[in-house]
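Take a look at the structure set out below.
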Amino acid sequence: MYLGEPRTRPVTVSTLRKMKASGEKIAMLTAYDASFAAMMERAGVDVILVGDSLGMVVQGRESTVPVTVDDIAYHTSLVTRGCRLPLVIADMPFMSYATVDSALANAGRLMQEGGAQMIKLEGGQNVVEIVRLLSANGVPVCAHLGLQPQSVHKLGGYKVQGRDEATAQRLLDDALVLQEAGADLLVLECVPAELGAKLTAELAIPTIGIGAGLGCDGQVLVCYDMLDLTAGMRPKFSKNFMIGQERGVHGALEAYVRAVKDGSFPAAEHTFT
Ligand code: KIV
């Protein structure tokens, strides 16, 4: 559903829950600076993620692994200076939540120095106690299941997850315990569309898909990919929203929000089976 009405109040965790309940899709994008954050706000983006993807698209690295808490805190402070209405999520980088103490300290930095309103971390059962403690300390948490790019060296590459029954069931179990531990939102990356829809139906918290099909409560893309700024191949799940765009970046961002809200993105060609 695309309401087409400009948002006047900041997006909160309860806004996202209401959007899930009413069936209004959540449009989320990554951003790393104030100018992009301001353009996204104007285009009606609901949630901005300061993703550790900045390691690849901004810093030119091979993976997200070298990104530091300092990097994310700095870019989050730029993004929160550029917008007022979208909910801003800061990614917890590799090894920044390996222990409960480091997770609490680093999440605190991203909220206090960066101004983030939520933090995101990758993992299932292994991060449940950390999610529980963050949540109990008033930190809104976005969990991240499916393909976990911080584990790329362990996984042996960027592969679709949850294709067989056992791994699909593990994903579902992980999602339920993360929700029970207090996660407020769940990013699902590179899972079959059927599994994305099943998880979304089973969970009370909203799901945001990236290569997880139309059945999720919302969608996220790396903004450099959808604006055709990334060198090399675009991932299958992404789409170049600059094609046919007469109003440049502003038009492309608005087209993305519209396509997420009216359910025309992702299409079958952006989806895994
Ligand atoms: O770092 C990032 O941009 C992400 C998205 C791909 C979900 O985690």
Side-chain angles (χ1 to χ4, degrees), residues 16 26-33 36-37 40 45-69 71-76 78-79 86-97 106-107 110 114 116 118-124 127 141-152 155 157-161 171 175 178 183-191 196 199-200 205-213 216-227 229-230 232-239 256 260 265-266 270 272:
L16 299 180
I26 300 164
M28 171 163 151
L29 281 174
T30 67
Y32 317 102
D33 68 37
F36 272 98
M40 286 178 194
V45 171
D46 301 303
V47 181
I48 294 180
L49 169 66
V50 185
D52 60 1
S53 50
L54 71 85
M56 297 166 90
V57 298
V58 177
Q59 298 174 334
R61 299 182 187 276
E62 291 286 317
S63 77
T64 60
V65 170
V67 175
T68 65
V69 176
D71 294 334
I72 299 283
Y74 172 69
H75 285 277
T76 305
L78 306 186
V79 165
L87 182 106
V88 177
I89 305 178
D91 228 348
M92 298 277 282
F94 181 66
M95 282 297 153
S96 67
Y97 48 100
N106 290 323
L110 297 179
M118 185 181 281
I119 60 89
K120 176 168 87 60
L121 45 77
E122 297 178 9
V127 296
V141 175
C142 175
H144 183 149
L145 288 173
L147 175 62
Q148 295 166 33
Q150 290 173 11
S151 304
V152 62
L155 293 169
Y158 297 96
K159 297 174 188 161
V160 179
Q161 305 291 308
L171 263 166
L178 287 163
D184 300 283
L185 195 62
L186 173 65
V187 164
L188 282 172
E189 180 162 355
C190 289
V191 300
L199 280 155
T200 302
I205 59 171
T207 61
I208 307 288
I210 174 161
C216 295
D217 296 308
Q219 302 293 327
V220 60
L221 286 178
V222 171
C223 69
Y224 279 48
D225 292 345
M226 51 80 69
L227 294 175
L229 297 171
T230 310
M233 254 177 52
R234 186 176 314 105
K236 170 185 164 75
F237 54 72
S238 195
K239 176 178 169 177
Y256 170 75
V260 170
F265 177 80
H270 311 117
F272 301 105

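Ligands are counted one by one from 1 in listed order, and the atoms in each one are counted from 1 as well.
Residue Leu54 does not touch ligand 1, judged by heavy-atom distances below 4.0 Å.
By the 4.5 Å heavy-atom criterion applied to side chains, Asp52 and Asp71 are not counted as neighbours.
Of the protein's non-hydrogen atoms, the one nearest atom 3 (O) of ligand 1 is Ser53 OG, 2.5 Å. The protein non-hydrogen atom at the shortest distance from atom 8 (O) of ligand 1 is Lys120 NZ, 2.9 Å. The shortest contact between atom 7 (C) of ligand 1 and any protein heavy atom is with Leu49 CD2, 3.8 Å.
Near Ile210, the atoms of ligand 1 lying under 4.0 angstrom from a non-hydrogen atom of the residue are 6 (C). Contact atoms of ligand 1 toward Gly51: 1 (O), 2 (C), 3 (O) (distance under 4.0 Å to a heavy atom of the residue). Those atoms of ligand 1 that come under 4.0 Å of a heavy atom in Thr30, given as number and element, are 3 (O).
Here's the thing with Asp52: one of its N/O atoms is less than 3.5 angstrom from an N/O atom of ligand 1. Taking any N or O of Glu189, backbone or side chain, none lies under 3.5 Å from an N or O belonging to ligand 1.
For the ligand labelled ligand 1, residue His144 lies inside the 4.0 Å heavy-atom shell.
Leu185 pairs with exactly one of Ile205, Ile208, Thr207 by the side chain to side chain contact (heavy atoms under 4.5 Å, CB included) rule, that one being Ile208. Residue Leu147 forms a side chain to side chain contact (heavy atoms under 4.5 Å, CB included) with just one option from Leu188, Leu155, Val160, and that option is Leu155.
Considering every non-hydrogen atom in both Val79 and Asp33, the closest pair reads CG2-N, 3.5 Å.
A donor-acceptor pair is defined here as one N or O able to donate and one able to accept, closer than 3.5 Å; such a pair exists between the side chain of Thr230 and the backbone of Tyr224.
Using the six-membered ring where Trp is involved, Phe237 and Phe272 have ring planes that are perpendicular, over 60° apart on the 30 and 60° scheme.
For the salt bridge (Lys or Arg N to Asp or Glu O under 4.0 Å) test, residues two or more places apart in sequence or in another chain that qualify with Asp46 are Arg7, Lys261.
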